[in-house]
Amino acid sequence: MPLMRGLLEARLQAAFDRVEPGADPQVRPSERADFQANGALSLARRVGRDPRQLAAEIAADASLEDICSAVEVSGPGFINLTLAESFVVGELAALADDARLGVEPSADPCTVVVDYSGPNVAKEMHVGHLRSTIIGDSLCRVLDFLGYDVVRENHIGDWGTPFGMLIEHLVDVGEKEAVHELSVGDLDMFYRQARSSFDGDEAFRERARRRVVLLQSGDEDTLRLWRLLVAQSVGYFDEVYGKLGVLLTDDDIVGESFYNPLLPAVVTDLAAEGLLVESEGALCVFPEGFTNRHGQPLPLIVQKSDEGFGYAATDLAAIRDRVGRIGARLILYVVGAPQAQHLEMCFAAARVAGWMAPDARAVHVSFGSVLGTDRKMFRSRTGETVKLADLLDEAVQRADAALAGRDPGSDAAGRAEVAHAVGVGAVKYADLSTDRGRDYVFDWDRMLAFEGDTGPYLQYAHARIHSIFRRAGEGLEEVRGRPVVGDKAERALALALLGYAEAVDDTVHTWSPSRLCGYLFALATAFTTFYETCPVLQAADPDTRRSRMLLCALTARVLEHGLGLLGITAPEQM
RNA sequence: GCCCUCGUAGCUCAGUGGAUAGAGCGCCGGCCUCCGGAGCCGGGUGCGCAGGUUCGAGUCCUGCCGAGGGCGCCA
């Protein structure tokens with residue numbers, strides 16, 4: 001099924017071409033009709049014609065009879081397009097028979113690496129990881145659905161100088177005790193103590209330095225301790241991912257240590273291209289177009305003056321590996337906004353180094369910070385960063401309380417699963433529904449409300465539809481046939497349902513799950529209006545009833561599927 | 001100091017160069033005794049400021065003000 005907008009545009013294109021080949025019809029959603037074509041205005045300007053007259057000519061020339069019931073010139077030269085009922089009905093029937101709900105696989109799928117989440121070993125996962133993890137998770141789900149070969153990469157921080165200190169602390173605490181601390185998720189305490197020893201104890205500092213050297217040189221006992229640290233942390237990450245309900249598994253971990261052996265090749269390649277410049281003892285690349293505070297070229301430090309590798313080296317090695325070995329034509333970096341310049345510099349360096357295939361793209365899917373209701377960085381009451389695990393537990397707890405309040409007769413055991421779906425769904429939806437580029441305010445009461453643009457609202461809408469089918473004693477999938485869309489609310493709902501493909505398309509073009517959220521909320525709103533004015537089970541006649549059941553079923557399917565692409569589960573009862 | 005991002009209603013946010021800038025929450029006043037109230041209708045002197053480009057600017061450009069971030073050996 002083609003996108004409605006695309007279909008209209010294609011039909012209008014022929015008429016526009018006859019005036020000026022390639023002129024854009026500019027089909028947009030309209031408040032005055034279903035769609036409107038704005039292209040005649042700018043075209044008239046270019047060819048020196050009267051806009052209204054030209055619009056009328058194009059409207060008469062375009063063959064839209066089978067799609068539109070009205071094609072009218074309006075205002076200064078807009079062409080208003082109203083879809084024919086027969087067309088809407090036909091499309092809707094096709095949608096009902098389509099397991100993909102109108103969303104076609106990508107015409108040009110490729111291998112795409114999605115770099116997201118990226119927690120650090122022996123460090124707590126906090127709200128900062130929340131956004132990367134769930135935005136990345138949603139994008140992976142959408143891309144996978146569109147037929148891309150999605151390679152998830154969890155670029156965890158599992159290498160570097162801090163590990164000298166962490167391993168020495170592990171030795172001091174004792175392996176058994178350390179494993180215990182880490183397994184219960186007390187990662188911050190472990191890290192803080194290591195840090196404190198490092199800062200306050202010269203002997204410890206020296207041991208840590210030697211340990212780094214041992215680690216780098218592949219000392220077996222040191223590696224064993226390192227693996228212990230990594231394994232404990234990864235186990236803990238998995239717990240959090242489990243609570244969060246994201247796709248990441250251990251197989252997706254491609255930490256910094258993975259790239260360590262690949263770093264010398266980065267230096268060799270860059271040197272061979274003549275891109276490596278020694279500056280203040282460090283080996284640097286100076287990508288074009290980046291300057292520092294004095295207007296001087298800004299360096300990407302590949303190898304530090306102490307001959308150790310900087311993080312830029314790892315990031316460059318990752319690009320080289322992802323394009324060269326994995327064959328990615330697209331790399332998404334779901335990373336916070338502050339790293340924008342660093343990533344742009346890496347992308348630029350990778351391109352001049354020749355590691356990016358000409359048609360390969362690297363995209364920084366950046367996002368803003370999570371703020372508290374005081375508009376400052378989100379922190380706990382005691383001013384500490386909030387552990388992601390605690391945050392999710394609180395979400396589930398609050399959801400459970402909300403559910404218990406709505407249905408005092410329900411028992412806690414029966415609520416557990418739904419409370420989890422609602423609590424985590426609320427957190428995810430609140431995050432995903434805000435434009436990712438901006439900071440957003442984390443507010444428990446708002447995100448957990450059953451009214452308004454929230455996860456629980458959408459889940460509830462979905463559950464209510466299931467309740468209609470339970471009452472009718474029918475299954476969602478049993479409803480088939482051509483619907484009737486005579487009523488205004490029926491028609492509005494039908495058009496909303498037919499817009500799912502475009503919403504998914506929009507999401508992937510902007511790398512913004514917020515587009516999908518906006519669509520789902522609008523769909524739920526359209527359904528509410530429909531449900532308010534159009535009796536379903538008590539419809540006047542069997543045909544109307546069946547038709548409305550079909551609209552209900554489709555709405556439930558789209559809601560469930562759409563929420564699924566956001567990584568949010570939709571319970572059938574709540 | 002330079003660079004980047006962001007300033008839209010009381011609050012939280014939508015708004016792919018197009019018509020009268022929209023939602024949700026909150027607030028006020030009505031309505032619905034209907035399939036699980038996710039109700040329905042009405043109520044608003046809002047695009048930080050000033051220029052510019054354009055037939056048309058919240059959207060593009062310039063300057064200013066304000067907030068956040070970045071600016072060489074941390075990731």
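Throughout, a chain's letter reflects where its sequence line sits, starting with A, and its residues are numbered from 1. For the numbers below, each heavy atom of this structure counts, side chains included, while hydrogens, waters and symmetry mates do not. No experiment lies behind these values; they were computed from the predicted model shown.
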State the OG-CG distance between A/Ser366 and A/Leu343, to the nearest 0.5 angstrom.
9.5 Å
Return whichever of A/His462 or A/Ser305 has its heavy-atom-nearest nucleotide of RNA chain B closer to the 5' end.
A/His462
Would you kindly give the CG-to-C1' distance between A/Asp445 and B/C11, to the nearest whole Å?
13 Å
Taking any heavy-atom pair under 4.0 Å as a contact, classify A/Pro338: base, sugar-phosphate, or nothing.
sugar-phosphate
Would you give the length of the straight line joining atom OG1 of A/Thr569 to atom NZ of A/Lys428, rounded to the nearest 0.5 angstrom?
7.5 Å
Report all side-chain donor-acceptor pairs from residues 297-308 of chain A shorter than 3.5 Å, counting only partners two or more places apart or in another chain.
| residue | atom | partner | partner atom | Å |
| --- | --- | --- | --- | --- |
| A/Gln303 | NE2 | A/Glu307 | O | 2.9 |
| A/Asp306 | OD1 | A/Gly308 | N | 2.8 |

What integer number of Å spans the P atoms of B/G17 and B/C13?
23 Å
Of the nucleotides B/C73, B/A38, B/U12, which has the atom closest to the A/Ile301 side chain?
B/C73
Does the aromatic ring of A/Tyr440 sit over the six-membered base ring of B/C13, closer than 5.5 Å centre to centre and tilted less than 30°?
no
Taking OP1 and OP2 of B/A67, is either one under 4.0 Å from a side-chain nitrogen or oxygen of A/Lys376?
no
Using only heavy-atom distances, determine whether the side chains of A/Asp188 and A/His126 contain a donor-acceptor pair under 3.5 Å.
no
Would you mind classifying the nucleic acid contact of A/Asp435 as base, sugar-phosphate or nothing, using non-hydrogen atoms under 4.0 angstrom?
sugar-phosphate
Per A/Glu280 side chain, nearest of listed nucleotides B/C35, B/C73, B/C6
B/C73
Earlier contact from the 5' end, RNA chain B, for A/Arg436 and A/Met574
A/Arg436
Among B/C74, B/A75, B/C71, which is the nearest nucleotide to the side chain of A/Gln341?
B/C71
Counting heavy atoms from C-beta on, name the nucleotide in B/A38, B/A75, B/G72 closest to the side chain of A/Cys284.
B/G72
Contacts under 3.5 Å, N or O only, protein and nucleotides 16-20 of chain B:
| residue | atom | partner | partner atom | Å |
| --- | --- | --- | --- | --- |
| B/A19 | O2' | A/Arg32 | NH2 | 2.2 |
| B/A19 | N7 | A/Gln36 | OE1 | 3.2 |
| B/A19 | N7 | A/Gln36 | NE2 | 3.3 |
| B/A19 | N6 | A/Gln36 | OE1 | 3.0 |
| B/A19 | N6 | A/Asn80 | OD1 | 2.4 |
| B/A19 | N6 | A/Asn80 | ND2 | 3.4 |
| B/A19 | N1 | A/Ser74 | OG | 2.7 |
| B/A19 | N3 | A/Arg32 | NH1 | 3.4 |

Atom-to-atom span, CZ of A/Phe286 to P of B/G72 - whole angstrom
12 Å
When you check every protein heavy atom under 4.0 Å of nucleotides 23-29 of chain B, what one-letter string (B, S, -) results, 5' to 3'?
SSS----
Among B/C35, B/G70, B/C40, which is the nearest nucleotide to the side chain of A/Val536?
B/C35
Within the 6.0 Å centroid threshold, strictly below: A/His169 and A/Tyr191
no
Among A/Tyr429, A/Phe521, A/Phe450, which residue satisfies the ring-ring contact (aromatic ring centres under 6.0 Å, His included) criterion with A/Tyr457?
A/Phe521
When we call it a touch if two heavy atoms are under 4.0 Å apart, what does A/Ala461 touch: a base, just sugar-phosphate, or nothing?
base
Separation of atom CG in A/Asp306 from atom P in B/G72, rounded to whole Å
17 Å
Does A/Tyr460 make a side-chain N or O approach to OP1 or OP2 of B/A38 shorter than 4.0 Å?
yes
Candidate nucleotides B/G36, B/G72, B/G39, ranked by approach to the side chain of A/Pro299 - the nearest:
B/G72
Give the rounded distance in Å between these two atoms: NE2 of A/His466 and C1' of B/C35.
16 Å
Taking the side chain of A/Arg438 as its heavy atoms from C-beta onward, which of B/A75, B/C35, B/C13 lies nearest to it?
B/C13
Starting at atom CG of A/Leu298, determine the distance to atom C1' of B/C4, rounded to an integer number of angstrom.
12 Å
Rounded to whole Å, the CZ-P distance (A/Phe290 to B/C3) equals 15 Å
Please confirm whether A/Tyr116 and A/Tyr333 have ring centers closer than 6.0 angstrom.
no
What is the separation between atom CG on A/Asp115 and atom C1' on B/A75, rounded to the nearest whole Å?
12 Å
Can you confirm whether A/Asp445 sits close enough to A/Arg398 that some side-chain heavy atom of one is under 4.5 Å from a side-chain heavy atom of the other?
yes
Consider ring-ring contact (aromatic ring centres under 6.0 Å, His included). Of A/Tyr311, A/Trp226, A/Phe258, which one does A/Trp159 pass it with?
A/Trp226
Return yes if the base of B/G72 and the side-chain atoms of A/Ser279 contain a donor-acceptor N/O pair under 3.5 Å, otherwise no.
yes
Considering only B/G36, B/C6, B/A38, which nucleotide approaches the side chain of A/Ser467 most closely?
B/G36
Between B/G39, B/A75, B/G36, which nucleotide has the shortest distance from any of its atoms to the side chain of A/Arg464?
B/G36
For atom C1', what is the distance between B/G52 and B/G69, given to the nearest Å?
29 Å
With a non-hydrogen cut-off below 4.0 angstrom, is A/Cys534 in contact with a base, only sugar-phosphate, or nothing?
base
Please check: side-chain N/O of A/Arg545 versus main-chain N/O of A/Gln538, any donor-acceptor pairing under 3.5 Å?
no
Quick one: CZ on A/Phe378 to CG on A/Asp443, what's the gap to the nearest 0.5 Å?
9.5 Å
Return the value, rounded to whole Å, for the distance between atom CZ of A/Phe198 and atom C1' of B/C74.
12 Å
Crowded around A/Glu417 CD? As in, over 12 foreign heavy atoms under 6.0 Å?
no
